[in-house]
Amino acid sequence: MRFIKGHGTENDFVILPDPDGALDLTADAVARLCDRHAGIGADGVLRVVRTKSAGEPAVEVLPAEWFMDYRNADGSVAEMCGNGVRVFARYLVDAGLAEPGEWDVATRAGLRRVTVGASGDVRVEMSAPVYLGEGEATVAGETFGGVRVSMGNPHLACRVDVPLAELDLCHAPGFDPSVFPEGVNVEFFRTVGERHVEMRVYERGSGETRSCGTGTVAVAVAAALGGSVPRGLTDLPTGEWTVDVPGGRVTVSLEAGTSYLTGPAVLVAEGETRPGWL
Ligand SMILES: N[C@@H](CCC[C@H](N)C(=O)O)C(=O)O
């Protein structure tokens, strides 16, 4: 099986080209590919498949040529991946499967418009963040309040006062499963300057990662709200935010009715898995 390895702010992915949807990609195969000791190692898999061959009726109707089939490292399926979609777009251009420019990528959360040049950073229109109220996470017995935000996938963005390095994220933060029946990605953030925050994240299905693109937008929303409650679920503050993650830096732009994420997308290696390994 041919693969490419890439990352966006060190949120890393195994990219599997599967234009005609021929791969039967099981959860077990994804987990083995992502295993950092016995596999290639990654936070997730990006299967690159033509939308019409996605194998998912809700996706096949979307008007985009390519579908980003995103899987978490444990093999679970997720709706969206903000770093992944930039890396996905970079791969399509690098492989000659798409021209540099602006076009839509199909995801389980709907269409996401990417702006991608021949090299360099990629910008993604991330759609309107949805404010879902407040929530709580616990880390090592301590409870942190946060803001629940949907970016197509679920997030809980918690402002903290302690240095981020002090948080023990070796284990999954606790949360109320009746509030998050599908699980949740939990971000912890601190303000470090004017419209500038730093964050760590514990991702649903992947554990602590060095970045989460959808999470950076959720954190920008929580930081911009600053504890206030918005007038409507998508009537959120606007403005540009710098978000530092352990793996680098991204820019989030909150605009009326939508949001944008800009950051790096890097391809680092390619190869073939050994016959019979998976
Ligand atoms: N790392 C991603 C998010 C991947 C999906 C997430 N773990 C989930 O299950 O929702 C990003 O960059 O957004």
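Only this structure's heavy atoms are used, side chains among them; waters, hydrogens and symmetry mates stay out. Throughout, numbering of the chain's residues begins at 1 and tracks the sequence. Order of listing sets the numbers, starting from 1, for every ligand and every atom in it.
- To the nearest 0.5 angstrom, R2 atom CZ is 11.5 Å from T273 atom OG1.
- Residue M80 approaches ligand 1 through these ligand atoms, each under 4.0 Å from one of its heavy atoms: 3 (C), 4 (C), 5 (C).
- Under 3.5 Å, the side chains of N11 and T9 contain no donor-acceptor pair of N or O atoms.
- The shortest separation from a heavy atom of T209 to ligand 1 is not under 4.0 Å, leaving the residue out of contact.
- Within ligand 1, counting atoms from 1 as listed, the ones closer than 4.0 Å to a heavy atom of N83 are 11 (C), 12 (O).
- Residue contacts with ligand 1, taken as heavy atom pairs separated by less than 4.0 Å, do not involve D43 at all.
- Considering backbone and side-chain atoms alike, G213 places an N or O below 3.5 Å from some N or O of ligand 1.
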Review point. Passes side chain to side chain contact (heavy atoms under 4.5 Å, CB included), V243 versus M199? Steps please.
Key: CA-CA 7 Å; V243 184; M199 76 168 222; 4.0 Å; yes

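- Counting atoms of ligand 1 from 1 in the listed order, those under 4.0 Å from a heavy atom of N153 are 5 (C), 6 (C), 8 (C), 10 (O).
- Shortest non-hydrogen contact noted between L236 and P129 is CD1-O, 3.4 Å.
- A distance of 10.5 Å separates CG of L233 from OG of S150, quoted to the nearest 0.5 Å.
- The closest approach between a heavy atom of G44 and any atom of ligand 1 is not below 4.0 Å.
- Taking any N or O of G82, backbone or side chain, at least one lies under 3.5 Å from an N or O belonging to ligand 1.
- At under 3.5 Å, not a single nitrogen or oxygen of Y70, backbone or side chain, sits near a nitrogen or oxygen of ligand 1.
- Polar contact check, S206 against ligand 1: no nitrogen or oxygen pair lies under 3.5 Å apart.
- Rounding to the nearest 0.5 Å places CD of E56 at 6.0 Å from CG of D69.
- At least one N or O atom of N185, backbone or side chain, sits closer than 3.5 Å to an N or O atom of ligand 1.
- Taking the centre and axis of the six-membered ring of Y260, the NZ or CZ atom of R123 falls inside the cone set by 45° and 6.0 Å.
- Of the protein's non-hydrogen atoms, the one nearest atom 2 (C) of ligand 1 is C81 SG, 3.0 Å.
- Ligand-side atoms of ligand 1 in range of T214: 3 (C), 11 (C), 12 (O), 13 (O), range being under 4.0 angstrom from any heavy atom.
- Among all protein heavy atoms, the one lying closest to atom 3 (C) of ligand 1 is E203 OE1, 3.4 Å.
- Residues A42 and A73 share a closest heavy-atom pair of O-CB, 3.8 Å.
- The part of A78 lying near ligand 1 is the side chain, judged by heavy-atom distances below 4.0 Å.
- Here D244 does not pair with R190 in a salt bridge; the nearest charged N to carboxylate O distance is not below 4.0 Å.
- Polar contact check, E79 against ligand 1: no nitrogen or oxygen pair lies under 3.5 Å apart.
- Considering V219, V197, V245 in turn, V219 is the only one that fulfils the side chain to side chain contact (heavy atoms under 4.5 Å, CB included) rule with E187.
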